[in-house]
Number of protein chains: 4
Amino acid sequence: MTKPVSNEARMRGRQFYFNPGPTNIPDSVLAAMHRPAEDFLTDAFKAVLRRTHANLKHALGTRQHLLLFGANGHSAWEAALANLFSRGDKILMLESGYFSYHWTKMATELGLEVETLWADWRKGVPAAAVTERLAEDKAHAIKGVLVVHNETATGLVHPLAELRAAIDAAKHPALFLVDTISSFASMEFRFDELGVDVAVGGSQKGLMMITGLSFTAISQRAMEIAQSGGGLRRSFFDWRAMMTVEPQRFPGTSPVHLIHGLDEALRLLLEEGMDNVVARHGRFADAARAAIRHWGDGAASDARISWDSVEGEIDGIQILCTDPDRLSDSVTAVFVPDGHDANAMRQIALDRYNLSLGQGLGPLAGRAFRIGHLGDMNEPMMLGALATIELALKASGIPHKSGGVDAAIAALSA
Amino acid sequence: MTKPVSNEARMRGRQFYFNPGPTNIPDSVLAAMHRPAEDFLTDAFKAVLRRTHANLKHALGTRQHLLLFGANGHSAWEAALANLFSRGDKILMLESGYFSYHWTKMATELGLEVETLWADWRKGVPAAAVTERLAEDKAHAIKGVLVVHNETATGLVHPLAELRAAIDAAKHPALFLVDTISSFASMEFRFDELGVDVAVGGSQKGLMMITGLSFTAISQRAMEIAQSGGGLRRSFFDWRAMMTVEPQRFPGTSPVHLIHGLDEALRLLLEEGMDNVVARHGRFADAARAAIRHWGDGAASDARISWDSVEGEIDGIQILCTDPDRLSDSVTAVFVPDGHDANAMRQIALDRYNLSLGQGLGPLAGRAFRIGHLGDMNEPMMLGALATIELALKASGIPHKSGGVDAAIAALSA
Amino acid sequence: MTKPVSNEARMRGRQFYFNPGPTNIPDSVLAAMHRPAEDFLTDAFKAVLRRTHANLKHALGTRQHLLLFGANGHSAWEAALANLFSRGDKILMLESGYFSYHWTKMATELGLEVETLWADWRKGVPAAAVTERLAEDKAHAIKGVLVVHNETATGLVHPLAELRAAIDAAKHPALFLVDTISSFASMEFRFDELGVDVAVGGSQKGLMMITGLSFTAISQRAMEIAQSGGGLRRSFFDWRAMMTVEPQRFPGTSPVHLIHGLDEALRLLLEEGMDNVVARHGRFADAARAAIRHWGDGAASDARISWDSVEGEIDGIQILCTDPDRLSDSVTAVFVPDGHDANAMRQIALDRYNLSLGQGLGPLAGRAFRIGHLGDMNEPMMLGALATIELALKASGIPHKSGGVDAAIAALSA
Amino acid sequence: MTKPVSNEARMRGRQFYFNPGPTNIPDSVLAAMHRPAEDFLTDAFKAVLRRTHANLKHALGTRQHLLLFGANGHSAWEAALANLFSRGDKILMLESGYFSYHWTKMATELGLEVETLWADWRKGVPAAAVTERLAEDKAHAIKGVLVVHNETATGLVHPLAELRAAIDAAKHPALFLVDTISSFASMEFRFDELGVDVAVGGSQKGLMMITGLSFTAISQRAMEIAQSGGGLRRSFFDWRAMMTVEPQRFPGTSPVHLIHGLDEALRLLLEEGMDNVVARHGRFADAARAAIRHWGDGAASDARISWDSVEGEIDGIQILCTDPDRLSDSVTAVFVPDGHDANAMRQIALDRYNLSLGQGLGPLAGRAFRIGHLGDMNEPMMLGALATIELALKASGIPHKSGGVDAAIAALSA
C-alpha cells in the first residue's frame with residue numbers, strides 16, 4: 001500500500017510550466033547567469049552589451065534606438081510615458097483587458113489624461129474606432145495612441161498594421177506606443193516596418209529569461225521628443241542619460257548577470273531564426289486551439305466581458321477570444337462552463353500532475369484558465385500539457401468531449 | 001516564409017528523454033554535483049558517505065552489506081563474479097536477452113563455466129526450469145544462479161520471489177545473484193526479504209544520477225565467501241579491501257562529486273517513499289501499455305526472439321513481452337510491423353520533435369523501439385511522450401489506430 | 001619555450017575580484033538562482049518572499065517597514081525621494097564624494113532643491129556642521145538630511161550615530177535618509193537604534209548577490225508621510241501600492257529568481273551572525289590598511305580632494321581617507337604617488353595576475369585605486385589580493401616598501 | 001561582542017584548496033557537466049568523444065593509442081597490468097613512496113612477481129641502478145619497468161628521459177610503464193618522444209576535473225602484446241574489447257557527463273597551450289619553494305624516509321625532496337620540525353582560514369604537510385595560500401622565519 005506523500009515530495013520530473021509569463025528558461029540561459037561577479041567597466045563586458053543590443057535590435061526589426069532597463073516591463077512602461085508626455089497631456093488607450101487597465105492607471109498616476117476606447121474583452125477595439133476618434137481630434141490634443149499588442153489576460157491580439165493604417169487614415173500625428181511584452185519573440189513584430197514609435201517588452205516571456213530586464217525600442221521621432229525637453233521630470237528612467245554612452249548607460253550598477261542571460265537567449269532565438277520562432281508558436285497555438293475546440297464540442301456564446309463582469313452564459317468550454325483574426329499565438333484563455341471552477345481545476349493540475357496553468361485575471365477569476373504556449377517549448381511539452389489538462393478536466397468533473405489531444409496531434413500533423 | 005534551420009537550432013524546450021538509461025536527472029541532483037573540489041578525508045565528507053550508504057541500504061531493504069563502486073554497473077558485475085567464484089566454477093545464467101548474454105560473456109572471459117537456461121526473449125525462463133536443473137545437480141557443481149531482474153533490452157521481468165522459491169525447492173545451495181540495474185527504484189525490490197545474495201545496480205537508471213557509480217548489496221553468506229579466500233585474483237574489485245573502513249574504502253581517490261549526486265537522489269527517493277516510487281512507475285507503465293495496445297488494435301503474434309533472430313511475423317504494433325505477469329514497469333519494448341523501420345521512426349521523433357527513444361538491441365535492431373518510463377518522470381512527461389510517438393508513427397507511415405493518448409489518459413484516470 | 005597566449009587563455013583559476021561592487025557571489029547563491037521558472041502567485045513562493053523580508057529586517061535591525069525593488073540601488077534612491085518630498089522641497093546633502101554627487105543630481109532632476117554641505121573628500125562633513133546648518137533653519141524648510149554612509153569612491157564613512165545626535169541637537173524635524181549601499185552587511189548598521197528614517201541598500205555589495213535588487217527600510221514616520229499624500233507623482237516607485245499586500249507587491253511581475261538568490265544570501269549572513277560578519281570585515285580591512293601603510297612607509301599628505309580636482313602633492317602610497325575614525329571596512333581607496341598611473345597598475349594586476357581592483361572615480365581617475373574588501377571573503381583571498389597588489393606595484397614601478405603582506409599577516413595574527 | 005560561530009558558518013569565500021588531488025575545478029568544467037541526460041549512441045555525443053580523444057592525445061604528445069576508463073586512476077593501473085603481464089611475470093618497480101607501494105601491492109594481488117628497487121623517499125632511485133639491475137637480467141625475466149613519475153606523497157619526480165636511457169643502456173626489452181597521475185598537465189610529458197609504453201593518468205589532477213575518469217596512453221608495441229593473447233584474464237579492463245570501436249567503447253554505459261567535463265577541461269588546457277601550462281606550474285612551484293626555504297632559514301637534514309619510518313632529525317621547516325633536480329612542480333611536501341604536529345597546523349589552516357592542505361601519508365603522517373600547487377591556479381591563489389600557511393604556522397607555534405610570502409613575490413617577480 002502506498003503511503004500518503006506531500007505534494008512537494010510527489011513532484012518528480014520537472015514542473016510543466018504553461019503560465020504566460022514568466023516562461024520556461026532554457027538550461028543554457030540559466031547556465032549563462034551561473035557565473036562569478038564581473039567588473040562591468042571592462043572591454044569584455046562592454047562587448048557583450050554591444051552584442052546584446054545588436055541582436056535585440058535585429059530581432060525587433062529596427063535600426064532606430066534601443067534601451068534596456070534593469071527592471072521589469074512596468075519600468076519600461078513608465079519610462080515611455082515619462083520621456084514622451086508632459087503633465088496633462090492626453091493619450092488614447094485601446095482597451096484590451098487587464099494590462100491596458102494597468103497601463104492606464106500608471107499614466108493617470110503620473111499626471112497624464114487618459115481617454116480609453118472601450119471594448120468587449122473578447123473582441124478588442126475595431127481599427128475604425130481609432131480613425132474615427134482621431135479624426136475628431138482636430139486640435140491634435142491626443143499625443144499618443146497606446147495599445148497592448150497581445151493582452152496576456154485574454155489571449156487577444158490587436159492588429160498593429162491595421163492600427164498604424166488607422167492612425168494614418170486620420171492624418172493624426174499621435175505617437176504610436178505598443179506593449180509587446182507577451183507578443184515579442186512569439187508573434188511577428190517588425191518595429192521599423194510597422195511604423196511604431198515605442199515598443200515596450202520584458203525579458204521573461206518570449207525572450208525566455210528570468211524577470212528583471214525590460215527593453216524599449218524607440219523611433220527617431222520619439223527620441224527627438226525625449227531629447228528636446230519633452231516629457232515629465234525623471235531621473236532613473238531618463239532616456240537622455242542612458243543615451244550618453246554607446247550602446248547605453250544604466251543608472252547605477254549595470255545588471256551584468258541579467259545581460260549575460262539575455263545575450264544567450266538572443267543567441268538561441270537568432271540561431272533558430274525569428275521567422276521560425278514565430279512559425280513554431282503558430283503551430284503550437286493551433287494545436288492548443290484544436291484541443292480546446294474539441295473539448296468544447298462546438299460550444300460558443302455571446303457573453304461579453306468588461307472590467308467588472310462577464311455578462312451572458314458560458315455553457316461549454318470555449319476560447320475566450322471570439323475574433324478568429326485576433327487569436328493569440330502566445331497565450332490562450334479558456335472559459336469553463338458556468339457552475340464550474342477553473343481554479344479548482346488548475347489546483348488539481350498543479351497538485352496531482354505538476355502542471356502549472358495561468359489563472360483568470362480580474363473578472364475572469366475562476367471563470368477561465370490560461371495556457372501560456374510561448375517561449376522555450378516543443379511538441380512533446382505542448383501535447384503533454386494538453387493531455388494533462390484533459391486529465392484534470394476529468395478529475396474535476398468539468399464537462400468536455402474526450403479526445404482533445406488527438407485533435408492537437410492532427411493539427412500538428414497537418 | 002520560414003527558413004530552413006538546423007536540427008540543433010530547432011530544438012527548443014528540453015529534450016524529452018525516454019531512453020531506459022541513462023535517465024532524466026533532477027535539477028537538484030545536477031546542482032548537488034556543481035560544487036568545488038573537496039578533500040574526501042574530512043569528517044564532513046565521511047558523514048555524507050555514511051548517509052548515502054544508510055539511505056541506499058534502506059531503499060534496498062537490506063541490513064546486510066553494501067558497497068559502492070566508482071564505475072558503472074559492469075564493474076559491479078565483475079566484482080560480484082570475482083569475489084564469489086573461483087576459476088572453473090560453474091554458474092547458471094537465466095537467459096533474458098541482451099544483458100544476460102553480456103554478463104555470461106564476462107563470466108566466461110574471467111574463466112568461469114556458464115550454463116545458460118535458454119528462453120524465448122518474449123517469455124523468459126520458467127521458474128520450474130530452475131528447480132528442475134538444480135535438482136539434477138546433486139553434486140552442487142553449480143555455485144551460483146544469475147538473473148537479470150529487468151531485461152532492459154526487452155522489458156521483461158523475471159519474478160524474483162518465484163526464483164528464490166525455485167532454488168529452495170531444489171534444496172540447492174547455489175548463491176542467488178540478481179542484476180537490478182534497470183529495476184531498482186522502479187519496481188519493488190527488497191533484498192533481505194527476497195533472500196538474494198548479491199544485487200548489482202547502477203546510478204543512471206531509477207537512481208536518477210549520471211553514469212559513473214554502481215553498487216552491490218551483499219548477503220552475509222556471500223560476504224563470508226569473499227572474505228574467506230573465495231573468488232578470483234582481484235585488486236581493484238576486491239570487496240575485502242573495500243570493507244576495511246566503515247562504511248567503505250574506495251580503491252584510489254573517492255568519487256566525491258558522484259557521491260554527492262547520489263546522496264541527493266536518495267534524499268528525493270526516500271522523501272517520496274519507495275512504495276510511492278514503485279506505484280508511480282506502475283501507473284506510468286500502465287499508461288504506456290494502454291497506448292501501445294490501442295495503437296496495435298489487438299495485434300499479437302507468436303513470433304519468438306532469440307539472440308540470433310526474430311522468428312515469425314509481426315503484423316501490428318505490439319508489446320514485445322507476451323507474459324502479462326512479467327511486464328516491466330521501467331521499460332517497454334514495442335514491435336513495429338514487418339516492413340517498417342523502427343529506427344526511422346525514432347529518428348523522426350528525435351529530429352522533428354526532440355523526443356529520444358531507445359533503439360532495439362541485438363536481433364531487435366530496427367524491429368522494435370523502447371520507451372524508458374523510469375526515473376524522474378511525471379504525468380505530463382509520460383503523456384507528452386506518448387502523444388509524440390503517435391505523431392512520429394503518423395509521420396513515418398507506421399500503421400496504427402489513432403487515439404493512443406486517450407487510452408493512456410483513461411488508464412491514468414482509472 | 002612558451003608561446004604567447006591571450007589574456008583570456010592565460011587566466012587559470014578564478015578571477016580575484018576585489019572591486020567594491022558587485023562583489024563575490026557565494027556558490028550557493030548562484031545555485032539558488034539556477035532554477036526553472038516559477039509562478040510567483042503560489043503559496044510556496046509567497047513563503048520565500050516572507051522569509052526574505054523577515055530575515056532582511058532582522059539583519060537591518062528594524063521592526064518598522066521594508067520594501068524590495070526589482071532594480072538596483074538607484075531605483076531605491078529615487079523611490080525614497082519620490083515618496084517623501086514634494087516639488088520644490090529643500091533637502092540637505094552631506095558631501096562625501098562621487099555618490100553624494102549623483103544622489104544630489106537625481107534629486108535636482110526630480111525637482112527638489114538640494115543644499116550641499118561641502119567637504120574635503122578625505123575627511124567628510126563634521127557632525128557639528130549639520131547641527132549648525134539645521135539650527136539656522138528656524139522655519140524648518142529643510143525636509144531631509146541625506147548622507148551616503150560609506151562613500152564607495154573614497155572609503156570614507158560618515159558616523160551615523162553622531163549625525164543623528166547632530167540633528168537632534170538642532171531640534172530639527174528633518175527626515176534622516178541614509179544610503180547604506182556599500183556599508184550594509186559589512187559595517188554595523190541598526191536601523192531602529194540609529195533613528196534613521198530611510199535606509200537604501202542594494203543586492204550586489206555586502207549582500208553578496210547579483211545586481212538587480214535593492215531595498216529600503218522605512219520608519220513609521222516616513223511611511224506616514226508617503227501614505228498621507230506626501231511625495232512626488234509616482235507609479236512604479238510608489239510605496240503605497242507596494243504596501244497593499246503583505247509583505248509587499250511588486251509593480252508587474254515579481255523578480256522570482258532574484259528573490260531566491262537574496263533568500264540564500266541572507267541565510268548565509270544570518271548563519272554567520274551579523275556581528276561576526278561585521279567583525280570579519282573589520283579584520284580584513286585592518287589587514288589591508290596595514291599592508292598599505294607598510295608600502296607607503298609613513299607617506300602622508302595634506303592634499304585635498306573636491307569634485308574637480310586633487311589639490312596638493314601625493315609623494316607616496318597612502319590611504320585616501322585621513323580621518324582615522326572614518327575609515328571604511330568595506331573599501332579602501334589608495335593614492336599612488338604623483339607621476340604614477342594607478343590604472344596602469346590595475347591593468348597589470350588584471351592582465352597578468354587575474355586580480356580585479358576598483359578604479360579611481362571622478363577626480364581620482366588614475367590617481368587612486370580601490371580595494372573592495374567586502375562580501376564573500378576569507379583570509380587567503382585577502383592576503384592573496386594584497387600579495388598580488390605588491391607584485392603589480394613592482395611590475396609597474398610604483399615606489400613602495402616591500403613586505404606589505406607580512407604587515408597584513410601580523411595584523412591578522414594579532 | 002561577536003558570538004561563537006560554527007566552522008561551516010564562518011567559512012565565507014571559496015575554500016582555498018591546495019590538496020594535490022582532487023584539484024580545483026574551473027567553473028566552465030562544472031558547467032559542462034550540469035546538463036541533462038543524453039543518449040550516448042548519437043552522432044552528437046560520438047563527436048564529443050572523438051574530440052576528447054584527439055585533444056588528450058595531443059596533450060600527451062602521442063600518435064599511438066589512447067583509452068579512457070570510466071573509473072579513477074587505480075582502474076587504469078589495473079588495466080595496464082592485466083593487459084600486458086601474465087600470471088607469474090616479473091616486473092621491476094622503482095620505489096618512490098606511497099603510490100609505488102600501492103601499485104606494487106596491486107600487482108602482487110593480481111599474481112605478478114614484483115621486485116622493488118628500494119630508495120630513500122627523499123631521493124628516489126638513481127637511473128644507474130635501473131641499468132645495473134636490468135643488465136643482470138640476461139634472461140629478460142623482467143617484463144616491465146614501472147615508475148610513478150611524480151610521487152604525490154613526497155613531491156619527488158623520477159626523470160623519465162634518464163630512465164628510458166637507462167633501460168636502453170642495458171639493452172633490455174622490458175616495457176616502460178609510467179604513472180603520470182600527478183604529473184600530467186603540470187610537468188612536461190611527451191609520450192612518444194620519451195619512448196614510454198604505457199602512461200596512466202587520472203581526471204582529478206592536472207586535468208582539473210572531478211574524480212571518476214582515467215586514461216592510458218599505449219604504445220604500438222604494448223598494444224600488440226595485449227591484442228595477441230598476452231595478459232591476465234580480464235573483462236571490464238580488457239583493452240581489446242575497448243578497441244573494437246573508433247575511438248573506443250566503454251564496457252557498459254558510457255560516462256557521458258564525465259566526458260563532457262573532460263572535453264571542456266582539455267579545451268581550456270589547449271587554449272592555454274601545454275607549454276604554458278607547464279611553465280605556469282613551474283613558476284608557482286618556484287614561489288612555493290622560495291617561501292618554504294625562507295621559513296626554514298637554511299634548515300636541512302640527512303634524515304631518510306622509508307615505508308616504515310623517518311630516520312634522523314628534522315630541526316627546521318624543509319622541503320622533503322632533497323634532490324634539486326627531482327623537485328616536483330605539482331606538489332611540495334614540507335617537513336615540520338621534530339616535536340611539532342603538521343596535522344594540528346593543517347587543522348588550524350582549515351578551521352580558521354578555510355585553507356585545505358594535504359596531509360603526510362604513511363610514515364609522514366603528522367611529520368609533513370603537502371601543498372598541492374597544480375591545476376586551475378593563478379598568482380593570487382598561490383600567494384594567498386602561502387600567506388595563510390604562514391598565518392597558520394604562527395598560530396600553531398611552529399618555528400619559522402617570517403616573510404615567506406616576500407620571498408615568493410620575489411620569485412614571481414624575477
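Naming: A, B, ... by sequence-line order, numbering from 1 per chain. Remember, it's a predicted structure, so these values are computed and weren't measured experimentally.
When each of A:G404, A:A395, A:G384 is scored by its heavy-atom pairs under 4.5 Å with chain B, the top score falls to A:G384. For the set B:I25, B:L355, B:D27, the entry with the most heavy-atom pairs within less than 4.5 Å of chain A is B:D27. When A:G403, A:A385, A:G375 are compared by the number of non-hydrogen pairs under 4.5 Å with chain B, A:G403 comes out ahead. Chain B forms the most heavy-atom pairs under 4.5 Å with one residue out of A:L391, A:L412, A:V405, A:L386, and that residue is A:L391. Interface remark: of the candidates A:M382, A:M381, A:E390, A:M381 forms the most heavy-atom pairs closer than 4.5 Å to chain B.
For the 3.5 Å distance criterion, the side chains of A:T332 and A:H373 qualify, holding a donor opposite an acceptor.
Contacts of B:M208 with chain A are made by side-chain atoms alone, with heavy-atom separations under 4.5 Å and no backbone atom involved. For a residue to count as touching a neighbouring chain, one of its non-hydrogen atoms must lie under 4.5 Å from one of that chain's; by this rule B:N24 does not touch chain A.
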* Begin from the C-alpha positions of B:T62 and B:D192 and carry the test side chain to side chain donor-acceptor pair (under 3.5 Å) through to its verdict. => CA-CA 5 Å; B:T62 186; B:D192 290 354; 2.7 Å; yes
* To do: Check the pair A:H260, A:E38 against side chain to side chain donor-acceptor pair (under 3.5 Å), reporting the backbone distance first and the verdict last.
  => CA-CA 11 Å; A:H260 277 290; A:E38 181 179 352; 2.8 Å; yes
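Ring pair A:H34/B:H34 is parallel by interplanar angle, where below 30° counts as parallel and above 60° as perpendicular.
Between A:E379 and B:R352, none of the side-chain N atoms (NZ, or NE/NH1/NH2) sits under 4.0 Å from a carboxylate O, so this pair counts as no salt bridge. Under 4.0 Å is where a charged nitrogen must lie from a carboxylate oxygen, and between B:R190 and B:D275 at least one such pair does.
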